[in-house]
Amino acid sequence: MVSQPYLKKGTWTINEDQKLIAYIMRYGIWNWNEMPRFAGLQRSGKSCMLRWMNYLRPNIRRGNFSREEEETIIHLQKELGNRWSAIATRLPHRTDNDIKNNWNTRLKKRVISENDKSVPASTTEIYSSVEENSPDADSSSLLNIPTTADFPEPSTCSQGST
DNA sequence: AAGCGGTGCAACCGCTTCTAT
DNA sequence: CATAGAAGCGGTTGCACCGCT
């Protein structure tokens, strides 16, 4: 495939986020592979999908997992294994990637060490006030989205939306 | 004050599954 | 029913930041 002469990688910029959000708000999601071109992004469809799913979607809550959330993750991980998307469905405002990261970086170690010591969880005091963030503070609300951006019409690509 | 090591987060890659033709 | 394309999932890697020596 040589549909893209150059595909940017690495950290997304605010400008790229704005373009993607504005495009999806205006035209919706119709084809991840084609959308980046119309949105004026030098990104792969996969990269756009990942960015949207994990950070730009509305009602996403990131960081500062509450004690309840972490215990839920631990419990579900025992039940379901590493089915992060399944676990994420039980935590509506969390993404599978965020849950996976939290597990890999924190919870796994904690569970292992607790199992090793075979003592009740002494983690309660670790959590202080971690309930500060709200779903309202999702990423998109922090961006100044140009909702009237003049994107080319996706219909020119013979897509079949509705 | 500088360097080193550890931790956590964001993103990419490859594989699998699902849907349409 | 088979094949191709798109989407989704999980594992892994790289980078940035923070704390310690």
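Below, read A as the first sequence line, B as the second, and so on, with proteins coming before strands; counting in each chain starts at 1.
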Are OP1 or OP2 of C/dG8 and a side-chain N or O of A/W32 less than 4.0 angstrom apart?
yes
Applying a 3.5 angstrom cut-off to the pairing atoms, does DNA chain C sit in any stems of at least three consecutive Watson-Crick or G-U pairs? List them by first number.
B:2-21 with C:2-21
What is the minimum heavy-atom distance between A/A39 and A/K19, and which atoms define it?
O-CD, 3.7 Å
Distance in Å, A/L76 CG paired with A/T89 OG1, rounded so as to fall on 0.5 Å steps:
8.0 Å
Scoring nucleotides 8-17 of chain B by protein non-hydrogen atoms under 4.0 Å (B base, S sugar-phosphate only, - none) yields SBBBBSBB--
Gap separating the CD1 atom of A/I29 from the CG atom of A/N31, nearest 0.5 angstrom:
11.0 Å
Donor-acceptor side-chain pairing of A/W12 and A/S47 below 3.5 angstrom
yes
With a 4.0 Å limit, can you tell me whether A/W30 has a side-chain N or O closer than that to the phosphate oxygens OP1/OP2 of C/dA6?
no
Using a heavy-atom cut-off of 4.0 Å across all strands, would you classify A/M53 as base, sugar-phosphate, or nothing?
sugar-phosphate
note: A/R57, atom CZ; C/dG8, atom C1'; distance rounded to Å ~ 12 Å
Are A/F65 and A/W103 an aromatic pair by the rule of ring centers under 6.0 Å?
no
Kindly give the atom pairs (protein nitrogen or oxygen, nucleotide nitrogen or oxygen) under 3.5 Å for nucleotides 18-21 of chain B.
none

Treating Ile, Leu, Val, Met, Phe, Trp and Tyr as nodes and any side-chain heavy-atom pair under 4.5 angstrom as an edge, say whether A/Y23 and A/L50 lie in one connected cluster.
no
Drop me the distance from A/I87's CD1 to A/R83's CZ, to the nearest 0.5 angstrom.
9.5 Å
Could you grab the distance from atom CG of A/N97 to atom CE of A/M53, nearest 0.5 Å is fine?
12.5 Å
Compare side-chain N and O positions of A/S85 against OP1 and OP2 of C/dC9 and report whether any pair is under 4.0 Å apart.
yes
Checking side chain to side chain contact (heavy atoms under 4.5 Å, CB included) against A/H75, which of A/E71, A/Q77, A/K78, A/E79 comes through?
A/E79
Starting at atom CG of A/N82, determine the distance to atom C1' of C/dT12, rounded to an integer number of angstrom.
13 Å
State which residue, out of A/R51, A/K8, A/K9, fulfils the salt bridge (charged side-chain N to carboxylate O under 4.0 Å, His left out) condition with A/E16.
A/K8
Grab the two heavy atoms, one from A/W52 and one from A/I60, that are nearest each other, plus how far apart they are.
O-CD1, 4.5 Å
